[in-house]
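For reference, the structure I am asking about is given below.
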Amino acid sequence: MAKVSGCGDMSKEDTYSVLAERHGYRDSVRYRRILEYLMTPQQAELVALLPLKYEELAHRLGIDVAKVKSELENLYSRGVIFPRNPENLEEASFALAVVQLHDITMCSFDVDPVRDRELFELWDDFCVQEWDPDQVASWDRGEQPQGRIVPAYQAILDSPEILPCEDMREIIRSARSLAVTHCTCRRRKGAVGNNCDKSHSMVDIQFNISAEYLISRNAGTRLSADDALALIDDCEELGLIHTCENSTRMRPRWGMCNCCTDCCMIYQPLNRFQVPVTKCVAKSRYEARVDIDICNGCQDCADWCPFDAIEMVKTEGSKKYKASVDLEKCMGCGVCVLKCEPQALSLKLVRPAEHIPEPQF
Ligand code: SF4
Ligand code: SF4
Ligand code: SF4
């Protein structure tokens, strides 16, 4: 993606503030720089006027309709505007929120983390300095976590009471279409020199309309259900945490993230500001349990647990250390279960079905 040049008269420059205000960052110099990178002043004017008929847009900006159409095409391919129908860009709108602009402008295959490093640096600077602290403060004030953990399906294969919305196989098989796209948290961190040591970035699974949108924008690769389940297997092997919206909806609106606590825009800032994970992400209905008669004290589970919920403790009457789960901290992700070779760990169902709320809309 080539950087756009930001030059124009003062009123056009001010349109950036109008757009930034829609995302709650009117006075942010950092956010303005991102918008200036993504749009020329004239494109910003166009975006601020949307949705509006092509002819009216052309009239308001004093340019011809062909120019309006080509500029809107450019903005669509950059991930700045979102149409219901890509054939009809006059009905498009500016990104609804920071998160949408963040994800869509950095996930496309047309964006290159080396060539377009400046874009990733601008986003990273804004996220670290402004967005992460703001997000954490708002999660801390919120009443219900926005996300939830979906347990590793291979850790609950024997559970008799598993719900469809917590069974990765059911979630994947219920989708009409599926795509994988870049996890923009990892892609951004990698571009600024903090490569994720847990995983590559092609692990974000999207469903139905979102999948088709990403494929049409050259930002996603179509997956069959079998492909998606194979990817889920890889993610579980890598010790990633399945995270989606906190509801029983089978096609999660933000897709199925496969996160680590180092890069993720949710887990990493929560750690950084020492706010409990449950302020933003609900535990699964399960908790880890150790059979200390089987545990050999190898410590693999403690090394892999993303939430530092496992300690090695001396057992009574023995010099051996065994794993012990801190149930306050355990999020029920199942990562430890899959890493315990002797199968001393298991997930136990401890919460009722109502723990996972119905979708609000
Ligand atoms: S939330 Fe997790 S998987 Fe999703 S983009 Fe961020 S790190 Fe990647
Ligand atoms: S991985 Fe299993 S055997 Fe090793 S310490 Fe943990 S519970 Fe014990
Ligand atoms: S102990 Fe850690 S790895 Fe195991 S389920 Fe709980 S949070 Fe996940």
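One-based numbering, in listed order, for ligands and for the atoms of each.
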With ILVMFWY side chains joined below 4.5 Å, transitively, what does Met312's cluster contain besides itself?
->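 Under the 4.5 Å side-chain rule, Met312 groups with Tyr321.
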Identity and separation of the nearest protein heavy atom to atom 2 (Fe) of ligand 3 =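 Closest protein heavy atom to atom 2 (Fe) of ligand 3: Cys305 SG, 2.3 Å.
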Tyr267 ring center within less than 6.0 Å of Phe307 ring center =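 Yes.
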Strictly by modelled atom types, are Gln206 and Thr181 linked by a side-chain donor-acceptor pair under 3.5 Å?
->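 The criterion, which ignores hydrogens and geometry beyond distance, is not satisfied for Thr181 and Gln206.
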Going by an N to O cut-off under 4.0 Å, is there a salt bridge joining Lys69 and Glu73?
->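 Result for this pair is no, no salt bridge flagged.
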In terms of residue, atom name and distance, what is the protein heavy atom nearest to atom 7 (S) of ligand 3?
->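 In this structure, atom 7 (S) of ligand 3 has Met331 N, 3.3 Å as its nearest protein heavy atom.
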How close does the nearest protein non-hydrogen atom get to atom 8 (Fe) of ligand 3, and which residue and atom is it?
->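 Nearest neighbour among protein heavy atoms for atom 8 (Fe) of ligand 3, to 0.1 Å: Cys333 SG, 2.3 Å.
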Taking only residues two or more places apart in sequence or in another chain, which ones pass ring pair (Phe, Tyr, Trp, His ring centres under 6.0 Å) with Tyr286?
->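 Checked Tyr286 against ring pair (Phe, Tyr, Trp, His ring centres under 6.0 Å); zero matches.
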Is there a heavy atom of Pro306 sitting under 4.0 angstrom from any atom of ligand 3?
->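 The answer is yes: ligand 3 sits under 4.0 Å from a heavy atom of Pro306.
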Do Asp103 and Thr184 get their side chains close enough for a donor-acceptor pair, meaning under 3.5 Å?
->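 There is such a pair between these side chains.
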Nearest-neighbour protein heavy atom for atom 5 (S) of ligand 2, which is reported as residue plus atom name and distance |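 Looking only at protein heavy atoms, the one closest to atom 5 (S) of ligand 2 is Gln299 N, 3.2 Å.
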Atoms in ligand 3 flagged as close to Ile310, the criterion being non-hydrogen separation under 4.0 Å =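 What qualifies from ligand 3 is 1 (S).
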So, do His23 and Phe94 have ring centers that fall under 6.0 Å from each other?
->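 Yes; Phe94 has its ring centre under 6.0 Å from that of His23.
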Which residues satisfy the salt bridge (charged side-chain N to carboxylate O under 4.0 Å, His left out) test with Asp262, sequence neighbours excluded?
->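 Here the qualifying residues are Lys198.
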How far is atom 6 (Fe) of ligand 3 from its nearest protein heavy atom, and which residue and atom is that?
->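 Nearest neighbour among protein heavy atoms for atom 6 (Fe) of ligand 3, to 0.1 Å: Cys330 SG, 2.4 Å.
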Tally of protein N, O or S atoms, where distance to atom 2 (Fe) of ligand 2 is under 2.8 Å =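 Count of protein N, O, S atoms less than 2.8 Å from atom 2 (Fe) of ligand 2: 1.
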Give the atoms of ligand 3, by number and element, whose distance to some non-hydrogen atom of Phe307 is under 4.0 Å.
->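 Result: 7 (S).
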Taking atom types as modelled, find out whether Thr40 and Gln42 have a side-chain donor-acceptor pair closer than 3.5 angstrom.
->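 Side-chain D/A pair, Thr40 to Gln42: absent.
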Which ligand 2 atoms, with their elements, are less than 4.0 angstrom from a heavy-atom of Met312?
->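 Answer for ligand 2: 5 (S).
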State, without any angle test, whether Ser17 and Arg32 hold a side-chain donor-acceptor pair at a distance under 3.5 Å.
->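 There is such a pair between these side chains.
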